[in-house]
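Note on naming: letters A, B, ... go to the chains in the order of the sequence lines (proteins, then strands), and numbering restarts at 1 for each one. Below, each value reflects all heavy atoms present in this structure, side chains not excepted, and no hydrogens, waters or symmetry copies.
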Amino acid sequence: MSEVGYSYLDELNDIQRQAASCIDGPVMVIAGPGSGKTRVLTYRIAHLINKGVIPGNILALTFTNKAARDMKDRIERVVGSKAQRVWAGTFHSLFARILRVEAHRIGYPNDFTIYDTDDTKSVISEIITQMNLDKKVYAPGVVRSRISAAKSNLITPKAYIINDELMAYDKMARRPLIHLIYEKYAARCLRAGAMDFDDLLLQMFRLLYQNPDQVREKYQRQLQYLIVDDFQDTNYLQYEILKLLTIYSGSRNNICIVGDDAQSIYSFRGATIENILQFEHDFPELQTFKLEQNYRSTQFIVEAANEVIHHNKRQIQKKIWTDRIEGNKIKIIKAATETEEGKRVADTIIEQKNRFNLQNKDIAILYRTNGQSRVFEEQLRRYNIQYRVYGGLSFYSRKEVKDLIAYMRLTINDKDDEALKRVINYPRRGIGESTIDNIAQLADDNDLSMWEVLTKIEFNNRSRKSIGDFVTLIRAFKAKAVKSNAYEIADYIARNSGIIELLKSDKSIEGLGRMENIISLLDGIKEFVEDDEIQLNEEMDKDKSLSTFLQTISLMTDADQKEENPDTVTLMSAHSAKGLEFKSVFVVGLEENLFPSYMALSEGNQIDEERRLFYVAITRAEELLTLTYANSRYQYGSMRYNDPSRFLEEITDKNLDSIISIHKKEGFPEPKILGNFRPLGSKKPMISVNPGDFVAADPKQIKPGMEVIHLKFGQGKVISVDERMVASIVFDGLDENQDKRIMLQFAKLQIVE
DNA sequence: GGGGGCTATGGGGGG
DNA sequence: CATAGCCCCC
């Protein structure tokens with residue numbers, strides 16, 4: 001027996017331990033799904049700290065803020081509270097925090113506003129109008145994504161014009177003036193003291209690039225150990241920033257990237273796997289580790305995932321394997337319509353909860369588009385199953401919440417024209433559209449913000465008094481902001497802007513809901529002010545300003561919101577599910593034109609990415625995986641009939657439950673045997689029941705002592721029936737000591753004569 | 001300046 | 001199906 005005590009490194013397998021303890025020089029970790037990536041990251045950072053590295057010198061970039069928080073908490077369990085001093089967060093949130101200290105160096109106010117996608121589109125839309133361009137040709141959304149793509153590739157407006165490829169593409173798409181819109185948009189944002197999401201990266205780059213002495217060197221010294229999770233989803237610009245922080249004279253190149261090319265699913269926002277190849281080129285002395293053992297999922301799931309991803313050509317060679325050979329095969333459910341799909345998923349959830357003793361939180365429904373959540377919500381409500389929908393319209397994107405926030409934004413940064421336009425006539429104070437247009441035009445002509453126009457120019461039209469009142473109001477808010485904390489200001493604004501008064505007068509159910517949202521926004525700000533959790537480093541710990549609050553919520557996603565009810569079924573997009581795991585996963589809507597999305601099918605080479613997304617979705621499952629599709633569904637007002645997804649065909653029968661084959665040409669025969677899940681751990685074969693011969697009995701006839709047949713469990717004996725119509729039944733194929741509690745109102749049972 | 005009703009059109013993923 | 005944008009009327 002060794003005298004050396006237990007070490008946290010003992011909890012890792014060989015390759016994990018090597019990856020975690022190789023802390024000098026560049027490291028690349030290729031981590032398959034469920035391969036203990038988070039564990040490696042956690043122990044790597046803990047190891048660094050135990051070796052004497054100061055926590056504040058470690059920068060860990062994660063994909064979500066929640067992932068960062070979870071990671072810090074795990075590290076804390078190993079090294080104690082100093083773990084909280086590690087710089088951990090998303091690229092966007094950490095850079096936003098740095099820019100809040102440094103932005104003045106590159107011409108922005110430190111209290112800059114963050115423009116969300118709506119703000120951006122609205123600015124672009126206004127520019128397009130002013131340029132007299134056709135909004136059908138120059139659709140603001142399309143223009144925005146071109147600009148976003150340019151920024152993600154570090155292409156400035158000047159560089160855009162001389163980029164033949166971009167210009168040729170725009171010309172071909174009959175949008176040759178995008179570069180001009182881009183230029184004007186950038187100028188507008190600067191004038192408004194606003195950064196969009198891409199700017200948080202781009203301006204961070206500029207800051208470091210243009211200030212080598214004062215700033216870059218400071219952060220190079222500060223952030224000596226870089227760890228980048230989900231590196232496959234970083235874009236060119238993000239990588240260039242990482243290089244500015246890492247590559248310099250005397251650097252030890254302590255950068256560790258962790259990723260999986262097979263899980264790259266964000267190319268639509270500029271992510272490129274080229275970064276992995278480039279990394280090998282930029283750091284030739286790097287050490288590579290491949291984590292190939294999957295600890296998450298059973299063999300059927302791992303094998304199916306391998307089968308699917310094998311259809312992609314370009315990938316880093318690896319073989320994901322598991323030793324969890326027990327388990328249930330993958331179940332495919334076919335439904336006639338989207339409603340039936342919802343019903344059958346809800347039924348299966350009830351069944352799984354009963355049979356496998358699952359809680360709601362063990363279960364997730366994953367879909368390709370957020371719009372698919374509705375039918376599942378309806379069916380889960382019918383059964384009174386608690387659920388939570390992630391994504392879609394988040395709290396902070398509700399109109400009334402945005403309205404109040406716009407007042408706060410304007411109070412903090414009066415150059416924020418988008419906020420000003422939102423509130424100048426809300427609640428109505430008689431400043432109409434033409435007046436607002438006039439103000440916007442004056443602002444543009446004189447290169448002023450709209451607020452400057454309001455305060456510096458004498459208005460002689462009939463809006464004059466209204467404008468004066470509005471200016472007085474905002475000035476009062478600004479005065480209040482000087483001497484109060486975030487909650488006091490917000491409360492003051494809510495009361496004095498007229499928003500609360502307006503909402504109170506609306507007695508409809510929706511109106512009450514809106515009022516509740518305003519109250520919970522204020523509660524949220526109060527909580528923010530009173531929260532004593534340590535954040536990042538001391539310099540920023542005590543910053544409870546309204547400005548910090550606004551920044552925090554701009555970068556917050558649904559997943560970052562605290563859970564009110566911890567035991568809920570999770571409904572989310574396959575994208576949002578990245579990094580998560582559940583005992584039972586339903587991947588729904590597996591149809592051509594939906595998953596894979598028709599956008600991917602029509603625009604050519606995006607099938608591989610859809611397949612990676614499907615790969616991500618199915619590898620979230622630990623034990624039970626159910627794939628569903630509907631023959632028809634309502635899409636955009638009309639009934640659509642889609643073929644089953646090609647991805648279903650890529651899983652071979654040996655990993656599929658029952659004998660379902662999908663023959664596209666011949667239609668889709670009913671499966672011969674409906675699901676025959678085995679309970680986890682059971683080795684007994686199930687009795688299968690042919691649904692064709694099955695006749696369900698009236699639930700009221702089911703009495704104790706009867707022999708019954710259940711479509712999924714096979715034959716069994718009814719032990720008891722209670723007043724809620726819940727029957728206790730012992731099934732022949734299952735563990736005889738373990739009765740199943742079947743809800744008769746849902747289950748269909750045939751009585752054996 | 002404000003509100004209501006009609007028509008055309010979009011159509012994904014998210015920080 | 002949703003909703004943005006438009007026109008028309010008060």
Chemist: Taking only the side-chain nitrogens and oxygens of A:Ser573, find out if one of them lies under 4.0 Å from OP1 or OP2 of B:dG12.
Modeler: no
Chemist: Return the value, rounded to whole Å, for the distance between atom CZ of A:Arg269 and atom C1' of B:dG14.
Modeler: 5 Å
Chemist: Please check this pair: side chain of A:Asp229 against backbone of A:Gly259, looking for a donor-acceptor N/O pair closer than 3.5 Å.
Modeler: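 No.
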Chemist: More than 12 heavy atoms of other residues, nucleotides or ligands under 6.0 Å from NZ of A:Lys66: yes or no?
Modeler: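 No, because the 6.0 Å sphere around NZ of A:Lys66 holds 12 heavy atoms or fewer from other groups.
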Chemist: So A:Glu610, base contact, sugar-phosphate only, or nothing? Heavy-atom distance under 4.0 Å.
Modeler: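 A:Glu610: base contact, heavy atoms under 4.0 Å.
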Chemist: What nucleic acid atoms does A:Ser576 come within less than 4.0 Å of, heavy atoms only: base, sugar-phosphate, or nothing?
Modeler: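 A:Ser576: backbone/sugar contact only, no base atoms under 4.0 Å.
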Chemist: Round to a whole Å and report the spacing from CZ of A:Arg144 to P of B:dG12.
Modeler: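 Between P of B:dG12 and CZ of A:Arg144: 14 Å.
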Chemist: Over 60° means perpendicular and under 30° means parallel, so tell me whether A:Tyr407 and A:Phe470 are parallel, tilted or perpendicular.
Modeler: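 Ring orientation, 0 to 90° scale: tilted.
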Chemist: In whole angstrom, give the distance that lies between atom CD1 of A:Ile241 and atom C1' of B:dG15.
Modeler: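 Nearest whole value for this atom pair: 13 Å.
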Chemist: Kindly write out the residues that satisfy side chain to side chain contact (heavy atoms under 4.5 Å, CB included) with A:Thr129, not counting sequence neighbours, or none if the list is empty.
Modeler: A:Lys135
Chemist: Let me know the distance between CG of A:Leu613 and C1' of B:dG13, rounded to the nearest Å.
Modeler: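 From A:Leu613 CG to B:dG13 C1': 8 Å.
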Chemist: Could you write out DNA chain B as dot-bracket? Rules: Watson-Crick or G-U wobble, both distances under 3.5 Å, brackets [ ] for crossings, | for pairs with another strand, dot for unpaired.
Modeler: ||||||||||.....
Chemist: Round to a whole Å and report the spacing from CG of A:Asp233 to P of B:dG14.
Modeler: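 Going from CG in A:Asp233 over to P in B:dG14 covers 13 Å.
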Chemist: Taking any atom under 4.0 angstrom from a heavy atom of chain A, which nucleotides of DNA chain C are the first and last to qualify, 5' to 3'?
Modeler: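 Listing 5' to 3', DNA chain C meets chain A from C:dC1 to C:dA2.
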Chemist: NA contact type, A:Ser434, heavy-atom cut-off 4.0 Å: base, sugar-phosphate, or nothing?
Modeler: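 Answer is sugar-phosphate: A:Ser434 comes under 4.0 Å of backbone atoms only.
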Chemist: Measure CD/A:Glu433 against P/B:dG1 and give the value in whole Å, please.
Modeler: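 Between P of B:dG1 and CD of A:Glu433: 9 Å.
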Chemist: State whether the distance check finds a donor on one side and an acceptor on the other, under 3.5 Å, for side chain A:Asp198 versus base B:dG15.
Modeler: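 Per atom types, the contact qualifies.
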Chemist: Using the C1' atoms only, state how far B:dG13 lies from C:dA4, rounded to an integer number of Å.
Modeler: 22 Å
Chemist: If the condition is salt bridge (Lys or Arg N to Asp or Glu O under 4.0 Å), which residues does A:Asp469 pass it with, not counting sequence neighbours?
Modeler: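 For A:Asp469, the residues satisfying salt bridge (Lys or Arg N to Asp or Glu O under 4.0 Å) (neighbours in sequence not counted) are A:Lys465.
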Chemist: Does A:Asn370 make a side-chain N or O approach to OP1 or OP2 of B:dG13 shorter than 4.0 Å?
Modeler: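 Indeed, a polar side-chain atom of A:Asn370 lies that close.
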Chemist: Which part of the nucleic acid, if any, lies within contact of A:Arg374, taking any heavy atom under 4.0 Å across all strands shown: a base, the sugar-phosphate backbone alone, or nothing?
Modeler: sugar-phosphate
Chemist: Please report, rounded to the nearest Å, how far the C1' atom of B:dG14 is from the CG atom of A:Leu201.
Modeler: 13 Å
Chemist: Roughly how many Å apart are B:dG12 and C:dG5, using the C1' atom of each and rounding to a whole number?
Modeler: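 About 23 Å, rounded to a whole number of Å.
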Chemist: Please state whether the base of B:dG12 and the side chain of A:Glu609 form at least one donor-acceptor pair under 3.5 Å?
Modeler: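 There is none.
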Chemist: How about A:Glu501: does its CD atom have over 12 heavy atoms from other parts shown lying under 6.0 Å from it?
Modeler: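 Counting other residues, nucleotides and ligands, CD of A:Glu501 stays at 12 neighbours or fewer.
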Chemist: Taking 4.0 Å as the cut-off, does a side-chain nitrogen or oxygen of A:Asn235 come that near to OP1 or OP2 on B:dG15?
Modeler: no
Chemist: Just to verify, what does A:Thr619 make a side chain to side chain donor-acceptor pair (under 3.5 Å) with, not counting sequence neighbours?
Modeler: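 In terms of side chain to side chain donor-acceptor pair (under 3.5 Å), with neighbours along the sequence ignored, A:Thr619 is linked to no residue.
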Chemist: In plain terms, say whether A:Arg188 and A:Glu126 are close enough for a salt bridge, that is, a side-chain N and a carboxylate O under 4.0 Å apart.
Modeler: yes
Chemist: Respond yes when some side-chain nitrogen or oxygen of A:Thr64 is under 4.0 Å from OP1 or OP2 of B:dG15, and no when none is.
Modeler: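 Checking A:Thr64 against B:dG15: no side-chain N or O falls below 4.0 Å of OP1 or OP2.
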Chemist: Can you confirm whether more than 12 heavy atoms, excluding those of A:Arg374, are under 6.0 Å from its CZ atom?
Modeler: no
Chemist: Starting from P on B:dG12, measure out to CZ on A:Arg612 and report it in whole angstrom.
Modeler: 21 Å
Chemist: What nucleotide among B:dT9, B:dG15, B:dG14 has an atom nearest to a side-chain atom of A:Phe268?
Modeler: B:dG14
Chemist: OH of A:Tyr396: more than 12 outside heavy atoms within 6.0 angstrom?
Modeler: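 Enclosed: over 12 neighbouring heavy atoms sit under 6.0 Å from OH of A:Tyr396.
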Chemist: Taking any heavy-atom pair under 4.0 Å as a contact, classify A:Tyr266: base, sugar-phosphate, or nothing.
Modeler: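 If one applies the 4.0 Å heavy-atom cut-off, A:Tyr266 turns out to touch the sugar-phosphate alone, with no base involved.
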Chemist: On the nucleotide B:dG15, are OP1 or OP2 found under 4.0 Å from the side-chain N or O atoms that A:Asn65 carries?
Modeler: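 For B:dG15, OP1/OP2 do not have a side-chain N/O of A:Asn65 under 4.0 Å.
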Chemist: Which listed nucleotide (B:dG15, B:dG1, B:dG13) is nearest to the side chain of A:Thr369?
Modeler: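 The answer is B:dG13, which lies nearest to the side chain.
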Chemist: I'd like to check the ring-ring contact (aromatic ring centres under 6.0 Å, His included) partners of A:His575; sequence neighbours left out, ordered by chain and number.
Modeler: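 Here the qualifying residues are A:Tyr266, A:Phe268.
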Chemist: Side chain of A:Gln606: nearest nucleotide among B:dG14, B:dG2, B:dG12?
Modeler: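 Nearest to the side-chain atoms of A:Gln606, counting from C-beta on, is B:dG12.
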